[in-house]
**Q** 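Quick one: the structure is below, questions incoming.
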Protein chains: 2
Amino acid sequence: MSSRRATISDVAREAGVSASTASVVFSGKVSVSDATRAKVLAAAEALGYTGPDPRAASLRTGRAGVVAVLFRERLASAFRDPVTAAMMDGLTDALAPIGAGVLLLHDEGPVESAPTLTTAPVDAAILLGCNEILQSSVDVLGRRGIPVVVIEGDAGPDVPQILLDNVEAQRTAAEHVRSLGHERVALVTLTKDATRPRGFIDDPSRIAVEVTRDRLRGARQVYPDAPAYAVGASSIDEGLAAGRVLLQGERPTAIIAQSDLLAAGVIRAAEEAGLRVPEDLSVTGFDGITVDGLAPYALTTLVQDAIAKGRAAGEAVVAMLEGRDPASLTLTCTFRRGNTTGPVPA
Amino acid sequence: MSSRRATISDVAREAGVSASTASVVFSGKVSVSDATRAKVLAAAEALGYTGPDPRAASLRTGRAGVVAVLFRERLASAFRDPVTAAMMDGLTDALAPIGAGVLLLHDEGPVESAPTLTTAPVDAAILLGCNEILQSSVDVLGRRGIPVVVIEGDAGPDVPQILLDNVEAQRTAAEHVRSLGHERVALVTLTKDATRPRGFIDDPSRIAVEVTRDRLRGARQVYPDAPAYAVGASSIDEGLAAGRVLLQGERPTAIIAQSDLLAAGVIRAAEEAGLRVPEDLSVTGFDGITVDGLAPYALTTLVQDAIAKGRAAGEAVVAMLEGRDPASLTLTCTFRRGNTTGPVPA
DNA sequence: TTGTAAGCGTTATCAT
DNA sequence: ATGATAACGCTTACAA
């Protein structure tokens, strides 16, 4: 009909009231007489006005109703990892009370090529994992006065963190394996850095990904000399590939994997090699997810509450947005013995 | 330092130029003398100004730099489905040129409880799947003048759609199975509706989910009387459960599943029952994804290019945002014969 | 309960 | 190349 989209002023004029009154009808902040409300609503209906323009409201109120989640990886990868999925679940849950949408961003390429993070109208940001880009992102957001929470990464003392007791948890798994008598143990680790090279790890100090480094450290506290093979991604197929490598020659009697998906792949590699789990090979995972299709195996693993992790991040964001002090939090993994670990073969 | 966040006016004053000039330095739309640029940048640096406020810029320019994706399901489910993941991959790819962020929204609950869709500052929206809520969403967005694209759903003739030839593709699979001589065939379908009840389908016309209905129709064009069992989700474990049901008693010699994950579950059920695939049971999937851990099976399936689907949706959105006419598009699946189908057992 | 007025921070237009 | 001006559409003291 009209060449221009109707605004709240148009509605007010049509209804014969002031713009502020019309505004109040939509926001519901102040009481309005029923008659007035009806008039305004009727006018809105007539003009096809569907409510205040979020952009203008956002400018005025200073709130965008959007929380950004910055991923270290491609969004597609994020969509593929069950732990990330669970985390997003908790996150969206925690954000629901403030009705915030979730804006996905990812930082590919060099530092300055992430325009969306500085360009997007967001009230807060959650950063997932840590690397150099992340640190610079934190700086920009900090200067903007945008609250930031980091999950499993370190961006300095001023930024609230949601952490996992990766070192202790992985040590617990290793101790369990040792208690079963295993001496020859191999490790399958998550990615070393953004380039995702596969292969044995020579120098643990050069691992850029904190999670990988921490879990490796935990395992090495028990098995200082265990060989560690890094994969390119957390998936069954990558675990399978790693398992094939590690089960060649003089094979280990136990393999400690840094994720359940990797562990599931290792188990497949074992089956492929004619080995029984856990009679011939013990395998541990990490995460405590349900690996689709892994039954009847029940992984011995460290159960992390990824949903709680996401929820904690979400709640920290909500707290900051409400002016409260967010708590940094370290979540604890629970050891769960399944049927994939057993005594060292005679 | 200052109690108030620096604005572009502050920067301009500090630099001794006008606000518009300072603005131009950041937008880069018009040429500015090097000296002026340097002055402005220095002033910004001094004041800790990190660039224009996206909210204000958005109000002024009318662009938010954000595209919304509305899911039918919980976000967590979306993060779990490989096809959705691939679609998001293509989508983010297509959106990259315009540098738009992706805002995730989902419509749980009753129609009016989706405030974010009308509240969020977005330039366009992509709706995934179809149901009643979706139709009303389209209406609201339409009145707002926000371009909408629907993937695998129908929201009227004015809304561009990205479709799949589900009927034809599934019929092709069924014809392949028939050409192998199979007579006793069972179907495993995707969810019937939002309540996700499992069980045999009595009345196909009451299926709310278009994809499920179309693929079922395709299969029934070849096997009008084949029993169809609907699952609660597209996953290996759901396929396993369905397979167990269907392989009881006088079992079929072929099972046509509406997704690869379901097919993978059916194969596991077959293994569990001591049946060989394809010697004792033929199985077909749909999607053409790589099922993590399914090797050495290569599913006979319909390959859909989910990445292309997402990309098409993204491109349609870009086209609309640039004032061009977006094309509705029907993507075609490709039949791929793997090693999970064979002649009917003697 | 309703209206007035003053911005929120930016950028497009037009003039210089 | 730079500057003055006027929106963008809305919300919220404050006044009536």
Side-chain angles (χ1 to χ4, degrees), chain A residues 2-40 43-44 47-65 118-123 143-146, chain B residues 2-40 43-44 47-65 118-123 143-146:
Chain A
S2 66
S3 60
R4 203 172 48 84
R5 182 130 266 93
T7 74
I8 204 167
S9 309
D10 299 330
V11 172
R13 193 177 322 110
E14 175 85 8
V17 301
S18 75
S20 52
T21 301
S23 171
V24 155
V25 167
F26 286 102
S27 74
K29 299 265 180 192
V30 191
S31 52
V32 189
S33 77
D34 284 352
T36 306
R37 187 198 324 284
K39 269 194 302 187
V40 171
L47 295 174
Y49 180 80
T50 50
D53 181 328
R55 286 183 286 259
S58 166
L59 174 59
R60 181 61 235 230
T61 62
R63 272 163 275 121
T118 69
T119 276
V122 299
D123 297 330
R143 289 231 288 284
R144 274 222 126 81
I146 294 177
Chain B
S2 68
S3 59
R4 202 172 48 84
R5 183 133 264 95
T7 74
I8 204 168
S9 309
D10 300 329
V11 172
R13 195 178 321 110
E14 175 85 9
V17 301
S18 75
S20 41
T21 300
S23 171
V24 154
V25 167
F26 287 100
S27 75
K29 300 263 181 192
V30 192
S31 52
V32 190
S33 77
D34 284 351
T36 305
R37 187 199 326 283
K39 270 194 302 187
V40 170
L47 296 174
Y49 180 80
T50 50
D53 181 330
R55 285 182 286 259
S58 167
L59 173 59
R60 181 62 240 235
T61 61
R63 271 163 275 121
T118 70
T119 277
V122 299
D123 296 330
R143 289 231 287 284
R144 274 221 126 81
I146 294 177

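Within every chain, numbering begins at 1; the chains are lettered A, B, ... in the order of the sequence lines, protein sequences first and strands thereafter. Worth knowing before you read on, the calculation uses all heavy atoms, side chains too, and leaves out hydrogens, waters and symmetry mates.
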**Q** Which nucleotide, C:dT1, C:dT10, D:dT12, lies nearest any side-chain atom of A:Ser33?
**A** C:dT1

**Q** Does some side-chain heavy atom of A:Tyr49 sit less than 4.5 Å from a side-chain heavy atom of A:Asp10?
**A** no

**Q** Please state how far atom CZ in B:Arg5 lies from atom C1' in C:dC8, giving the value in whole angstrom units.
**A** 15 Å

**Q** Taking N and O atoms by type only, does the side chain of B:Arg60 place a donor or acceptor under 3.5 Å from a partner on the base of C:dT10?
**A** no

**Q** By nearest atom, which of the nucleotides D:dG3, C:dT2, D:dG9 is closest to the A:Thr21 side chain?
**A** C:dT2

**Q** Taking the side chain as every heavy atom from C-beta outward, state whether B:Arg60 and B:Pro52 have any pair of such atoms under 4.5 Å apart.
**A** no

**Q** By the 4.0 Å heavy-atom rule, please label A:Val17 as base, sugar-phosphate, or nothing.
**A** sugar-phosphate

**Q** Between B:Leu59 (CG) and D:dA6 (C1'), how many Å, whole number?
**A** 13 Å

**Q** For A:Thr36, report the nucleic acid contact type (base, sugar-phosphate, nothing); a contact means any heavy atom under 4.0 Å.
**A** sugar-phosphate

**Q** B:Asp53 CG to D:dC10 P: how many Å, rounded?
**A** 18 Å

**Q** What's the CZ-P distance between A:Arg37 and C:dT2, to the nearest Å?
**A** 9 Å

**Q** Spell out yes or no: do the side chain of B:Ser20 and the base of D:dA4 have one donor N/O and one acceptor N/O closer than 3.5 Å?
**A** yes

**Q** Under 3.5 Å, is there a donor-acceptor pair between the side chain of B:Arg13 and the main chain of B:Ala19?
**A** no

**Q** Yes or no on side chain to side chain contact (heavy atoms under 4.5 Å, CB included) for B:Val40 and B:Val11, after CA distance, side-chain angles and deciding distance?
**A** CA-CA 7 Å; B:Val40 170; B:Val11 172; 4.0 Å; yes

**Q** Closest approach to the side chain of A:Arg63, judged atom by atom: which nucleotide of D:dG9, C:dT10, D:dT12 is it?
**A** D:dT12

**Q** Within the side chain of B:Asp123, is there an N or O that forms a donor-acceptor pair under 3.5 Å with the backbone of B:Arg63?
**A** no

**Q** Can you measure A:Lys39 atom NZ to C:dT1 atom C1' for me and round it to whole angstrom units?
**A** 11 Å

**Q** Scan B:Phe26 against the nucleic acid and name what it touches under 4.0 Å (heavy atoms): base, sugar-phosphate only, or nothing.
**A** nothing

**Q** In whole Å, I'd like the distance from the CD1 atom of B:Ile8 to the P atom of C:dC8.
**A** 15 Å

**Q** Assign B:Ser27 to base, sugar-phosphate, or nothing according to its heavy-atom contacts below 4.0 angstrom with the strands shown.
**A** nothing

**Q** Between D:dT12, C:dT4, D:dT2, which nucleotide gets closest to the side-chain atoms of B:Val32?
**A** D:dT2

**Q** Between C:dT10, D:dT12, D:dC10, spot the one nearest the side chain of A:Tyr49, thanks.
**A** D:dC10

**Q** With a 4.0 Å cutoff (strictly under), does any side-chain N or O of A:Ser18 reach OP1 or OP2 of C:dG3?
**A** yes

